[in-house]
Amino acid sequence: MNQRKILVTAALPYANGPIHLGHLVEYIQTDIWVRFQKLRGHNCLFMWADDTHGTAIMIRARKEGRSEEEVIAEANAEHQRDFAGFQIQYDNYGSTHSDENKKLCGEVWQSIRDSGLVKEKDVDQLFDTEQGTFLADRFVRGTCPECNAEDQPGDNCSKCGTTYSPAELINPVSTLSGSTPEIRTAKHLFIELEQLHEFLEEWTQSGDHLQPEVANYLRGHFLGDPQSTEGAKPLRDWDISRPAPYFGFEIPDCPGNYWYVWFDAPIGYIASTQQWCERNGDTLDNWWKNDAAEIHHFIGKDITYFHTLFWPGMLKSAGYSLPTKVHIHGFLTVNGEKMSKSVGTAFKANTYLDHLPPAALRYYYASKLGSRLDDIDLNFDEFISKVNSDLVGKVVNLASRSAKFVKDTGLSANYPDDGGLFESAAKAGDEIAKAYENCDYNKAMRLILELADKANPFVENAEPWNLRKDPAKAQELQDVCTVALNLFRQLVIYLSPVLPDLAEKTGELLNDPLIHWDQSQTPLTGNPVSKFKHMMKRIEEKDVRAMEEASKIEAEQEAAQTENNSEQFADSEQPMIDEPMTDECTIEDFMKVDLRVARIVNAEHVEGARKLLKLTLSLGGDHRKQVFAGIKAAYEPDQLVGRLVVMVANLKPRQMKFGLSEGMVCASGPGGEEVFLLTPDEGAKPGQRVH
RNA sequence: GGGGCUGUAGCUCAGUUGGUUAGAGCAGGGGACUCAUAAUCCCUUUGUCGCGGGUUCGAGUCCUGCCAGCCCUACCA
């Protein structure tokens, strides 16, 4: 077999948060593919890194009062801890905030400049004057200019679906500071992607670089179809720079401006390779400028266009190899629902590991992952039954029901007649390998389990537990167990990209490490058999429940914390809907209303009145006012006497059924029992005017 | 608003270039066994293939309309 050179990447985890089970779909998918390629004897590297730049990390560092470097170093350590826990094995783990990356970004940038793809344009963007930063869309909320729905995101309205720019919002508010941002104009650099249209059309639509539905998506959405009546659509310019302040790399020939995070992030793949090369005496060109080397990216469908349009464009301009294939997967849902942090279904990697074994999730994902973009669902009932019945009940059971009968004798010296079981399973290896290669892991798992379903009946019919009772049948017993253990070993080799742990334990059991796919093609004979130890535990429902519970508690704690930070108040907009804002008034208008602090010196029920209380208010000295207030349902007179309120002191007196009312007390609320009197802060004195 | 994908047994999914009575695993029911982590083995029930049209000798498979779900929509869909 020709040894292939294969470089693999997974999307770079963002250094602003923990790894959760959704991320792990991709990372486990990638790890399985890499392990598979290595097992087949190929020269395969998994190059990975943290994605560290952008506004989000800058803001977070600022809020926590530490440097961005500290924030990303902590994330890096946490990420690598989680990956180790899930047995995800990479050859290098870098960071986009590295010297190597900075240098490479500069080189790529220069070639793009030299190709004449860069142009300057002025861009209007909202600027938070308190935080001193431009605001990305997701940091702005405001009233929809179309339907007047309040508290809508910066890019489109969740009520009416209109899309707009954040600058068009009525009453925009920065979610960072709560202040009103202003529009500022700044120079941005753009890459004219349209110049690469023909190349991208060619690259995306031919050569099996993309799954067919992705190629369709790109054509329908961005590129247009040159054959159709509408023809090709021009690609939009890509805004590649951000003005200071920004956490990232400053653009060398454009001081005060930084590369947008999506420029330097994918270059991080190359930078990570560079680090590996330096450590291993290899050269970058050997991997990134070599037609004999394949490059495979694994990503989620949300970042499709970055990897299928911008990234190939960048690589092309800079003279690097283009991706051999971009493998795109769907998202994870939990029990049929979108993962949700607040509900606690965004299970963190280390929360899972506190309660459950990594192999279980690896197998479960493998059994659900196909080569397409469908979302996969994590259903815990299915999870439990799949792991228990497939792995423990069928696969591991083969070893645990036969190993101890040959503990003293070891495997037979010659492989016995097994009715062709081993041979046909060996032949199935090609189809299983093909399924792995195509990322059809669910198919691979199905094929492997079919083999296990044939192996168990063999043991059943051979009845080793009866054979051992008759010393004359010792050879037969050894032969039966030799077959059972070889079929088991074969299955474990096929499963080893998914279950490296099981492969290792099987190697120990049979005193022959499993390191190559081809070991599945030849039976193992004559080897001693070690004492059988449990290889995999059944999943208990209570452990799953414990994890769910732990995750829910974490979610609640986090929610409580955000509330304490008064970071974001999720107040209802109902009051504003019930009583929309009135027309603008001038300061002169306002000054006509004489608001005064007043003390309630007497409060009493009014005979015959359903809603009213009669209040006597003191403005200090002898200034007294009598007011009838509609607060009977909300307050007892006793509660009121003595307290300070705010009143409209110069309101024209009004003759009411029960007497003259000489003002109003200020209160909010819709009425009835929901009336809330305004109280000045401590220190206010009756008679003081409210400005 | 535009676009992509999906819709097959209670659940998770297979169904190759359209070709006989539509399959598997799990779950459910019955039995066997006791070596094994209440594991295993045998037998067994279940389908208006989302709905409606069309092409065809023949459609789960191709075309079309509709419905439902999921996802995407670059600081201008």
Side-chain angles (χ1 to χ4, degrees), chain A residues 121 123-126 134-140 154-156 160-168 186 188 190-191 193 211-222 233 235-240 242 260 262 300-306 309-310 328 330-331 333 336-338 364 367-368 370 372-377 379 381-386 388-405 440 442-443 445-447 449-450 452-453 455-469 477 480-481 484 532-540:
Chain A
K121 276 196 276 187
V123 170
D124 288 341
Q125 205 179 356
L126 289 174
F134 283 96
L135 294 166
D137 291 1
R138 65 177 183 287
F139 294 127
V140 184
D155 47 2
N156 69 304
C160 69
T162 313
T163 54
Y164 40 73
S165 86
E168 294 174 67
H188 282 231
F190 289 76
I191 292 182
L193 212 57
Q211 289 127 297
E213 57 262 57
V214 176
N216 288 344
Y217 159 72
L218 294 174
R219 170 167 269 178
H221 234 358
F222 305 106
K233 289 193 240 180
L235 290 161
R236 298 220 174 95
D237 298 335
W238 183 29
D239 186 349
I240 196 65
R242 295 292 182 273
Y260 176 46
W262 268 110
K301 59 185 175 184
D302 52 331
I303 55 176
T304 297
Y305 68 78
F306 289 108
L309 294 176
F310 299 146
I328 307 181
F331 293 147
T333 56
E337 310 258 329
K338 212 169 158 181
Y364 182 76
S367 75
K368 311 261 333 176
R372 306 225 276 182
L373 281 76
D374 304 346
D375 291 348
I376 69 172
D377 186 44
N379 176 294
D381 293 337
E382 191 196 4
F383 170 80
I384 295 170
S385 87
K386 227 176 178 111
N388 289 351
S389 81
D390 289 2
L391 293 184
V392 182
K394 287 179 180 169
V395 177
V396 176
N397 187 233
L398 279 170
S400 79
R401 71 194 308 195
S402 57
K404 72 175 188 184
F405 297 140
D440 274 324
N442 56 6
K443 186 171 184 188
M445 296 307 108
R446 241 190 349 267
L447 292 169
L449 261 291
E450 264 175 41
D453 280 335
N456 272 305
F458 169 84
V459 179
E460 202 77 15
N461 293 330
E463 302 187 330
W465 54 94
N466 286 334
L467 295 175
R468 72 169 171 162
K469 291 173 189 163
L477 174 65
V480 166
C481 294
F532 181 81
K533 289 180 274 189
H534 271 203
M535 294 178 152
M536 198 173 275
K537 268 194 277 179
R538 294 175 64 78
I539 305 290
E540 306 262 356

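Keep in mind it's a predicted model, so treat the numbers as computed, not measured. Quick note on labels: first sequence line is chain A, next is B, and so on, each numbered from 1.
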Lys/Arg N to Asp/Glu carboxylate O, A:Lys121 vs A:Asp237, below 4.0 Å
yes

Determine the minimum heavy-atom distance between [X] and [Y], stating which atoms define it.
| X | Y | result |
| --- | --- | --- |
| A:Pro464 | A:Val459 | CD-O, 3.4 Å |
| A:Ala452 | A:Val395 | CB-CG2, 4.3 Å |
| A:Arg236 | A:Leu193 | O-CB, 3.8 Å |
| A:Phe405 | A:Arg401 | CE1-O, 3.3 Å |
| A:Val396 | A:Met536 | CG2-CB, 4.2 Å |
| A:Ile328 | A:Lys301 | CG2-CA, 3.4 Å |

Value in whole Å for how far the [atom2] atom of [N] lies from [atom1] of [X]:
| X | N | atom1 | atom2 | value |
| --- | --- | --- | --- | --- |
| A:Asp453 | B:rU40 | CG | P | 10 Å |
| A:Ile539 | B:rC26 | CD1 | P | 18 Å |
| A:Glu460 | B:rG31 | CD | C1' | 13 Å |

From [options], nucleotide with atom closest to [X] side chain:
| X | options | value |
| --- | --- | --- |
| A:Met536 | B:rG25, B:rC35, B:rU37 | B:rU37 |
| A:Phe310 | B:rA74, B:rC26, B:rA39 | B:rA74 |
| A:Val396 | B:rU37, B:rC72, B:rU34 | B:rU37 |
| A:Arg401 | B:rU37, B:rA36, B:rC41 | B:rA36 |
| A:Phe331 | B:rA74, B:rC72, B:rA36 | B:rC72 |
| A:Asp390 | B:rC41, B:rA74, B:rG25 | B:rG25 |
| A:Tyr305 | B:rA74, B:rG25, B:rU37 | B:rA74 |

Base, sugar-phosphate, or nothing for [X], non-hydrogen atoms under 4.0 angstrom?
| X | result |
| --- | --- |
| A:Asn397 | base |
| A:Pro464 | nothing |
| A:Met535 | base |

Walking RNA chain B from its 5' end, the first of A:Thr333 and A:His188 to be reached, judged by nearest nucleotide, is A:Thr333

When A:Lys537 and A:Lys443 are each assigned the nearest nucleotide of RNA chain B, the 5'-most assignment goes to A:Lys443

B:rC11 and B:rU46: how far apart are their C1' atoms, nearest whole angstrom? 13 Å

Margin query: Between B:rU16 and B:rA22, how far apart are the two P atoms, rounded to whole Å?
Written below: 15 Å

### Query
OP1, OP2 of B:rU34 versus side-chain N and O of A:Lys469: anything below 4.0 Å?
no

May I ask you to check whether over 12 heavy atoms, not counting those of A:Lys394, lie within 6.0 Å of atom NZ?
yes

Checklist entry - Would A:Asn379 and A:Glu382 count as having a side-chain donor-acceptor pair, cut-off 3.5 Å? => result no

* To do: Consider only side-chain N and O atoms of A:Thr333 and A:Asp377, and report whether a donor and an acceptor are under 3.5 Å apart.
  => yes

Quick tally for nucleotides 4-13 of chain B: nucleotides whose base has a protein heavy atom under 4.0 Å get B, sugar-phosphate-only ones S, the rest -, giving -SS-----SS

When pairs are called at under 3.5 Å and a stem needs at least three consecutive Watson-Crick or G-U pairs, the stems of RNA chain B are B:1-7 with B:67-73, B:10-13 with B:23-26, B:28-32 with B:40-44, B:50-54 with B:62-66

